[in-house]
Amino acid sequence: MWYWLFKYVLLGPQLWLLGRPKLEGAENIPLDGPAILASNHQAVLDSFFLPLRVKRRITFLAKSEYFTGSGPKGAFQKWFFSAVGQVPIDRTGASAAKDALDAGLRVLGQGKLLGIYPEGTRSPDGRLYKGKTGMARLALESGVKVIPVAMIGTEKVNPIGSRLWKPAKVTIRIGEPIDFSRFDGMGGNRFVERAVTDEVMYKLMRLSGQEYVDIYAATLKDPAPEAPAGDAARIPDTQVS
């Protein structure tokens with residue numbers, strides 16, 4: 001109930017006025033059944049503008065910090081993200097990858113749309129960064145199609161570090177679903193998962209018009225050496241940031 005109230009009454013009208021969001025390629029969203037919506041990540045409001053224009057409900061895997069804060073702000077965040085049906089994921093524990101994979105598979109197993117950001121975090125400068133392979137693992141394990149989604153202009157409404165939203169034109173561009181059934185039974189193969197991820201990122205680059213950068217965005221926020229391929233395949237890196 002709260003999901004639809006926020007969408008149509010409590011928050012949606014404000015977003016309509018701010019972004020005047022235009023939707024392109026709506027026909028590429030299936031009317032029913034599971035699918036993965038793989039989006040570039042320009043701003044926190046990506047997770048609000050996309051559900052605003054897609055008729056079906058979208059579930060995002062959200063980092064557990066949104067559900068464990070203290071004080072009034074923490075209590076409100078926990079209520080808000082729970083009310084709109086987001087799924088908390090602990091990205092720090094030893095079983096984080098399996099827990100996130102299982103959570104995503106549960107959502108898809110219920111025939112729902114699952115929203116994922118392959119970059120793992122918001123772009124720090126508007127460019128498109130290398131995708132983490134957790135999305136590919138989910139696609140290969142579930143057998144569902146991946147639908148690329150380009151969010152354009154949300155970073156102008158919700159600039160990084162800003163406390164206030166600003167009016168700006170938003171466009172949501174939905175690409176054609178990508179069928180990876182040719183890789184059936186190859187989940188867990190890191191080379192296949194990288195190939196799947198790179199194909200999706202290429203589609204996102206073409207849809208969004210962003211410049212592509214072949215490094216992980218997180219390395220610019222935390223200048224530590226890039227993780228080896230096995231670590232880079234962690235599912236938790238695909239969640240809302």
Side-chain angles (χ1 to χ4, degrees), residues 1-16 19-42 45-62 81-87 89 100-118 131 134-154 169-184 187 196-197 199-208 235 238-240:
M1 179 187 74
W2 282 108
Y3 181 94
W4 305 110
L5 278 175
F6 276 113
K7 179 172 180 175
Y8 292 115
V9 180
L10 301 177
L11 187 57
Q14 297 180 51
L15 294 176
W16 271 102
R20 308 179 307 282
K22 176 183 178 182
L23 180 65
E24 300 176 359
E27 68 278 5
N28 291 320
I29 301 289
L31 297 178
D32 53 40
I36 295 172
L37 301 183
S39 174
N40 63 333
H41 200 9
Q42 299 273 54
L45 284 183
D46 292 335
S47 301
F48 298 89
F49 275 113
L50 182 57
L52 181 65
R53 289 308 320 263
V54 173
K55 292 182 179 180
R56 292 182 59 190
R57 180 169 180 163
I58 304 171
T59 299
F60 290 92
L61 301 183
F81 286 103
S82 298
V84 297
Q86 305 310 288
V87 178
I89 296 296
L101 176 64
D102 290 345
L105 290 175
R106 281 198 301 273
V107 172
L108 295 170
Q110 294 166 0
K112 298 179 180 179
L113 296 178
L114 179 67
I116 284 181
Y117 300 111
M135 170 206 62
R137 175 69 66 87
L138 271 172
L140 295 173
E141 291 285 342
S142 65
V144 306
K145 294 181 180 180
V146 177
I147 302 172
V149 178
M151 304 297 297
I152 302 168
T154 53
K169 180 61 179 175
V170 170
T171 299
I172 302 167
R173 197 166 288 153
I174 311 293
E176 295 182 359
I178 309 172
D179 185 354
F180 290 110
S181 59
R182 63 188 184 276
F183 295 125
D184 280 351
V196 168
T197 302
E199 182 173 341
V200 173
M201 300 312 292
Y202 176 77
K203 296 289 187 181
L204 288 177
M205 180 186 70
R206 294 294 300 270
L207 281 173
S208 68
I235 292 287
T238 63
Q239 272 85 72
V240 175

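Keep in mind that what you see is a predicted model, and the values were worked out from it rather than measured.
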Set of salt bridge (Lys or Arg N to Asp or Glu O under 4.0 Å) partners for D179, sequence neighbours left out: none
Would you mind listing every side chain to side chain donor-acceptor pair (under 3.5 Å) that reaches into residues 100-116, with sequence neighbours excluded? K98-D102, Q110-K112
Contacts of T154 meeting side-chain contact (heavy atoms from CB on, under 4.5 Å) (sequence neighbours excluded), chain-then-number -> Q42, A43, D46, F49, M151, V170
Show me the donor-acceptor pairs, under 3.5 Å and distance only, between side chains in residues 5-12 and residues at least two apart or in other chains.
residue : atom : partner : partner atom : Å
K7      : NZ   : P51     : O            : 3.0
K7      : NZ   : V54     : O            : 2.7

Straight-line distance of H41 NE2 to I116 CD1, nearest 0.5 Å: 12.0 Å
Residues two or more places apart in sequence or in another chain: which of them pass side-chain contact (heavy atoms from CB on, under 4.5 Å) with S208? N40, A150, Q210
Supply the atom-to-atom distance R53 CZ to I29 CD1, rounded to the nearest 0.5 angstrom. 11.5 Å
Nearest 0.5 Å, what's the CD1-CD1 distance between I147 and I36? 9.5 Å
Run Q14 and W16 through side-chain contact (heavy atoms from CB on, under 4.5 Å) and show every step you take. CA-CA 5 Å; Q14 297 180 51; W16 271 102; over 6 Å; no
Considering residues at least two apart in sequence or located in another chain, which fulfil the side-chain contact (heavy atoms from CB on, under 4.5 Å) criterion with T171? K22, E24, I152, R173
Please list, chain by chain and in numerical order, all residues satisfying ring-ring contact (aromatic ring centres under 6.0 Å, His included) with F183, sequence neighbours excluded. none
Residues that R206 engages under side-chain contact (heavy atoms from CB on, under 4.5 Å), provided they are two or more places apart: Y202
Between the CD atom in E176 and the CG atom in L207, the distance rounded to the nearest 0.5 Å is 9.5 Å
